[in-house]
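The residues of the chain are indexed from 1 along the displayed sequence. Computed over heavy atoms, backbone and side chain alike; hydrogens, waters and symmetry mates excluded. In each ligand, atom 1 is the first atom listed, and ligand 1 is the first ligand listed.
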Amino acid sequence: MRFEDLRGILRYVPQFRDRIFVIALDGALMKQTNFANLLQDIAVLQSLKIEVVLVFGARSQITELAQQRGIATSSVDGMGRTDAASMDLAIEAITRQTSELVADLTALDLSVVVSNALGVHPAGVIDGVDYEFTGRIENVDENALRVMLKADIMPVLMPLGYDGRGTTLRLNSDEVAVEVALALKAAKVIFVSESGLTDENGQRLAQISIADAKEMAKGKAGELDINVLSKLRQGAFACQEGVPRVHIVDGTQEEVLLAELFSNEGVGTMIHGDQYQQIRKARSTDVPALLSMMQQSVEEAALVPRTRSQMQQRISDFYVLDLDGNPVGCIAVHVFETEAGKLAELASLCVRRSHKNQGHGQKLVAFAEEAARQRGCDRIFALSTQAFRFFEEKMGYTVTTPDVMTPERRATYDKSGRNSKVLVKTLR
Ligand SMILES: CC(C)(COP(=O)(O)OP(=O)(O)OC[C@H]1O[C@@H](n2cnc3c(N)ncnc32)[C@H](O)[C@@H]1OP(=O)(O)O)[C@@H](O)C(=O)NCCC(=O)NCCS
């Protein structure tokens, strides 16, 4: 590993210290060889003073047990009706899982407590159907969980609840994770799933807004794994109610947890409720403010001068980073059709001087890359006279030759005489 990479990683450590992360593991992952590494990564987070609450699901284990016993189940994920036979299977499977999980965590020297901090009641009758042993979370004993976290003890929450009358109820683990995160005002919910989230071309969706997550959760019911649908729905709800970041990562990949949390670009999908939402499409009325923001960089020859009408003409390519209603950064994505496919140019990247070094430049670039991906581009290039190191070191671009451009774009490049460095990146 290069020292620059290490520096990049260590940058996150103070940001995350003493923050609460709720990590929800799909039960199916527990049967995989990679699971030991996943737990090891959770132990690393704990060692960095991140306060971890662990939640796990049991769908896969209950399904397997039902098959072994030849018992028909009413529902295995805690979302539908749980009849008495399914409840018996759930208790048996989850008890075994809990024991195995605690054994594995103990082997990593972690102090854990299996907690009954959820106040639950039966879900009752919904649309005329009695949900029997399916539970609904009424409240979370926030204080009990905080006491454990402050003592460096990791609370482990099963997808089961107890209603105070001696009844055990089946819960959905995604819902448990979100309710706990909301009660504890967690910084993140991380769904470590059996699969990741991709678009129709099989490309990873790096960031999605709350609205997109909600839309996907209802629109693609036939296409997306039921598991991921539940995470999209619960994740959107969590963000909407105030959890700043929700991540969905494919737990079958190696080192997925650390890669998602400690790299700029991540490896999973992030549902965001705040700052990213503030990056929006530019409007004609933004042009004066954007020109004035770019003026200093133009004077320093870092940016090409643009007239008001040039900008107006291409306004649909521009994005603005808005903080409290003020534009503090901008970026543009121009798309070229080439024989080898669509190619994007990242241009007009600028962050207001007063807001530099707060991560906005990197966010704008990541956002532009995602916009380019969504417009079908598989490569993106940028021209820069003074920020080429920023592109190389922070955003993973490499310096290339002007041949990467289309002939027309190359001609304007040559004509400008600016001799900018040309940087390129493949958009996976
Ligand atoms: C380049 C620019 C967009 C970076 O914005 P920013 O919001 O300050 O960047 P971030 O906060 O995301 O990142 C800051 C990091 O990038 C580094 N960085 C910023 N500008 C850099 C540059 N020109 N060269 C090398 N590194 C640079 C900082 O040193 C800092 O590194 P650190 O985290 O290791 O301390 C901004 O400086 C700018 O507007 N520059 C003028 C316009 C320009 O050159 N645009 C590019 C042409 S397309």
Residues Phe262, Phe16; criterion ring-ring contact (aromatic ring centres under 6.0 Å, His included); working and verdict: CA-CA 10 Å; Phe262 295 99; Phe16 291 163; 5.6 Å; yes
Residue pair Asp378, Lys425: steps toward the salt bridge (Lys or Arg N to Asp or Glu O under 4.0 Å) verdict: CA-CA 9 Å; Asp378 52 16; Lys425 182 170 174 178; over 6 Å; no
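More than 12 heavy atoms of other residues, nucleotides or ligands lie within 6.0 Å of CZ in Arg146, so this atom counts as buried by the packing criterion.
Side-chain N or O atoms of Thr269 include one that pairs as donor or acceptor with a backbone N or O of Leu205 at under 3.5 Å. Formation of a donor-acceptor pair under 3.5 Å by the Glu260 side chain with backbone atoms of Gly268 is found in this model.
Residues lining ligand 1 at a heavy-atom distance below 4.0 Å are given as Ser297, Ala302, Leu303, Leu349, Cys350, Val351, Lys356, Asn357, Gln358, Gly359, His360, Gly361, Gln362, Leu383, Gln386, Ala387, Arg389, Phe390, Lys394, ordered by chain and residue number.
Side-chain atoms of Leu423 and Thr398, non-hydrogen and from C-beta on, never get closer than 4.5 Å to each other.
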